[in-house]
Q: 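The structure that follows is given in the form of structure tokens.
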Amino acid sequence: MREWARVLEALLFAASEPMEPSRLTTLLRDGPDGGQGWPEIKEEELREELAQLSERLAPRGLILREVAGGFRIGTAPDLSGWVAKLKGVVRPPRLSPPSLETMAVIAYRQPISRAEIEAVRGVDCSGTLDTLVERGIIRISGRSEAPGRPILYGTTPLFLEHFGLRDLDELPNSEELRRVKLPVPADPAGPQQKELLHEAVEPAS
Amino acid sequence: MREWARVLEALLFAASEPMEPSRLTTLLRDGPDGGQGWPEIKEEELREELAQLSERLAPRGLILREVAGGFRIGTAPDLSGWVAKLKGVVRPPRLSPPSLETMAVIAYRQPISRAEIEAVRGVDCSGTLDTLVERGIIRISGRSEAPGRPILYGTTPLFLEHFGLRDLDELPNSEELRRVKLPVPADPAGPQQKELLHEAVEPAS
Amino acid sequence: MIPMLELRGGEALRVELSAFTGPLDLLLHLIKEQEMDIYDIRLEKLTEQYLSRLDKMREENLSVAGEFLVMAATLVYLKSRSLLPVQDRLPEDVEDEDPKWELIRQLIEYRKFKEAAGQLGDREALHSRIFGRTPERVVAPAALQGPGQVSMFDLVWAFQKILRNVEDRARAGRFQDEEFTVGQKIEFLLNRMTPGEEVLFEDLFRTASSRGEVVVTFLALLELIRLQQLAAWQEGPLMPIRIRRAPEPVLENIPLSVSEGVPQIPGEGAGQSPDLSAV
């Protein structure tokens with residue numbers, strides 16, 4: 001165990017958000033205000049030590065996770081019942097299947113407008129979007145240049161934490177799903193859509 | 001290491017306040033909702049395990065502290081500089097000597113009114129009282145039955161944590177200081193007090 | 001009611017329509033149930049199955065979302081179109097690709113995202129069982145962080161610090177004479193922060209170039225806190241103050257009366273902030 005492993009564990013313990021390896025390295029190199037650090041530490045060495053820390057934690061009810069670009073200590077998943085009871089937590093509700101679908105479309109195709117999401121899912125998404133924004137998993141990330149300048153949605157760092165992802169590249173199938181051509185959203189006010197509905201009903205009668 | 005030591009460490013890690021041994025024992029005995037606990041655990045065994053945990057933590061940058069009647073994992077005091085830097089904390093200033101004096105009077109003699117504190121310290125204490133209340137170290141704990149029903153002050157659990165005390169009995173010299181007879185506060189409006197002052201002055205003249 | 005999780009396995013035989021996330025989800029389910037190849041769907045069969053599901057819903061007096069009905073219409077249209085002999089079709093249709101393919105493409109794309117959603121759900125299931133730590137007080141003798149909301153005193157104190165900075169900047173000559181209203185600054189703050197976003201208190205004043213602008217921005221901030229659009233908090237006494245926007249997706253609902261009635265404050269001038277100089 002390296003001399004600075006103690007400091008590393010204390011820092012990870014005290015941090016309230018995932019710690020990037022680069023930030024940890026800088027902290028360890030610079031030392032505290034008015035104190036000495038280890039200026040020679042390299043990021044690879046830090047990562048080695050993180051791997052060892054992860055092994056040391058394993059038998060102890062704690063785990064080290066790499067999420068949202070950083071490392072964070074948490075309680076082992078198999079002990080969740082105990083911790084939930086301690087905290088009096090009704091477990092944060094998991095997302096409903098419709099919300100997960102909306103979430104998936106945004107995760108792969110951000111920034112994306114509501115109309116574009118709805119074109120993929122084929123249903124109104126305003127409710128699921130509200131839920132996701134409310135929970136801080138997505139946010140409004142800008143406005144499109146398209147007509148009407150619709151609001152665009154994107155994921156937040158909390159999204160990565162919620163799903164235990166290191167970064168967006170860790171999304172399953174990300175290569176493919178980012179390339180897939182999306183259906184073009186119908187313009188609800190536009191004449192095309194109205195015509196289609198009209199046509200669609202007539203032949204059946 | 002006992003089978004439930006993993007659970008114990010996870011609970012201490014996740015807790016947001018010091019955990020009383022009795023509460024920990026109950027949690028471990030009862031188990032999570034819908035799960036199994038260890039009904040045979042005794043509080044002595046828990047304390048043994050806590051002592052062992054404390055030893056396991058010692059080389060690791062973390063310590064187990066007994067504060068405010070419970071146990072809590074924290075970062076080792078010698079690493080506070082690192083942790084403070086991590087958190088971007090401009091270290092909150094230490095309590096000023098006047099605040100400490102006021103604090104001490106309250107700690108040993110709670111519940112106590114402002115007039116009684118001022119009678120001991122011989123100076124106006126409204127400023128230091130405001131500071132201490134604001135910092136959450138003391139709080140209004142009731143009203144006296146004395147004339148004017150003055151507000152009474154007492155310490156908060158944060159006081160114990162701030163000074164690293166297990167409980168109020170751990171205060172140095174507490175036995176003696178609690179018994180010492182305090183000067184009687186001057187009641188500027190009351191007739192008795194005026195008489196007393198009068199008497200006190202007269203013999204001298 | 002059959003729980004939705006069973007649907008994920010695709011094995012549930014009797015499934016309520018409400019268990020489907022939309023018409024595309026229902027179509028995928030039917031295609032699988034009928035053991036069809038998605039690239040070679042039998043429109044007639046699929047349409048029949050789809051409509052019978054909708055009928056069953058109506059029998060049970062459950063409301064059917066509009067999207068399911070639109071899809072029903074589309075399916076009927078596609079089916080009847082495919083029954084027409086090629087020479088009877090409208091000329092533009094012949095040139096166009098078979099519109100059936102549009103639906104198939106949509107189904108294939110949707111299926112990819114649906115699978116991704118399933119995988120995200122699995123990750124969520126695992127990671128929702130991991131608890132982090134509630135941020136700790138620094139274990140140093142002098143360290144003290146009471147949790148909580150920022151008192152008005154803290155806010156004003158922080159504000160006065162910013163005012164001093166601006167005055168320094170003004171003295172250094174970087175100074176513009178502009179006029180702002182509280183209403184404008186309310187709009188500025190709401191544009192600056194997305195719902196749920198959090199910024200440092202000081203950051204909101206970074207761009208202010210005059211004392212007047214800082215004062216107006218501060219008044220706008222107070223107004224938004226009063227309206228509960230924003231909240232001020234800090235981890236403990238003397239920690240940086242943070243401003244958080246309420247997690248609310250819609251940007252409206254700010255009473256417009258706020259921007260009226262509040263006098264316009266000149267960019268620079270004597271006595272422009274009588275109420276604040278008192279604090």
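Letters A, B, ... are given to chains in the order of the sequence lines, protein chains preceding strands, and every chain is numbered from 1. Values below: every heavy atom of this structure, side chains too, minus hydrogens, waters and symmetry copies.
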Q: For the interface with chain C, which of A/R121, A/R72, A/E17, A/M103 has the highest count of heavy-atom pairs at distances below 4.5 Å?
A: A/R121
Q: Do A/E161 and C/H127 have side chains that approach each other closer than 4.5 Å (heavy atoms only, starting at C-beta)?
A: no
Q: Counting C-beta onward and ignoring hydrogens, is there a side-chain heavy-atom pair between A/L171 and C/L120 closer than 4.5 Å?
A: yes
Q: Heavy-atom pairs under 4.5 Å with chain C are the metric here; pick the option from A/T156, A/L95, A/I73 that has the most.
A: A/L95
Q: If I measure from the heavy atoms of chain C, does A/L62 come under 4.5 Å with its side chain, its backbone, both, or neither?
A: neither
Q: Measuring heavy-atom distances to chain A, does C/Q119 have an atom under 4.5 Å in its side chain, in its backbone, in both, or in neither?
A: side chain
Q: Checking heavy atoms, do the side chain of C/A125, its backbone, both or neither come under 4.5 Å from chain A?
A: both
Q: I need the minimum non-hydrogen distance between A/R94 and C/S128, along with the two atoms involved.
A: CD-OG, 4.0 Å
Q: Output the distance between atom CD1 (A/I63) and atom CD1 (C/I130), rounded to the nearest 0.5 Å.
A: 3.5 Å
Q: Backbone N or O of C/T21 within a donor-acceptor pair of the A/E101 side chain at under 3.5 Å?
A: no
Q: With a 4.5 Å limit on heavy-atom distance, are the side chains of C/E67 and A/D124 in contact?
A: yes
Q: For C/K112 and A/L177, work out which heavy atoms get closest and say how close.
A: CB-CD2, 3.4 Å
Q: Check whether any side-chain heavy atom of C/P195 sits under 4.5 Å from a side-chain heavy atom of A/I140, and report yes or no.
A: yes
Q: Between atom CG of A/L79 and atom CZ of C/R129, what is the distance when rounded to the nearest 0.5 Å?
A: 9.5 Å
Q: What part of A/E176 gets within 4.5 angstrom of chain C, counting heavy atoms only: side chain, backbone, both, or neither?
A: side chain
Q: Checking C/R123 side chain against A/G164 main chain: does a donor-acceptor pair fall under 3.5 Å?
A: yes
Q: So what's closer than 4.5 Å to chain C heavy atoms on A/A10: side chain, backbone, both or neither?
A: neither
Q: Please tell me if the side chains of C/F113 and A/R109 come closer than 4.5 Å, counting only heavy atoms from C-beta onward.
A: yes
Q: So which heavy atom on C/P23 is nearest to which on A/V123, and how close?
A: CD-CG1, 3.4 Å
Q: Please check if the side chain of C/E124 supplies one atom and the backbone of A/H162 the other of a donor-acceptor pair under 3.5 Å.
A: no
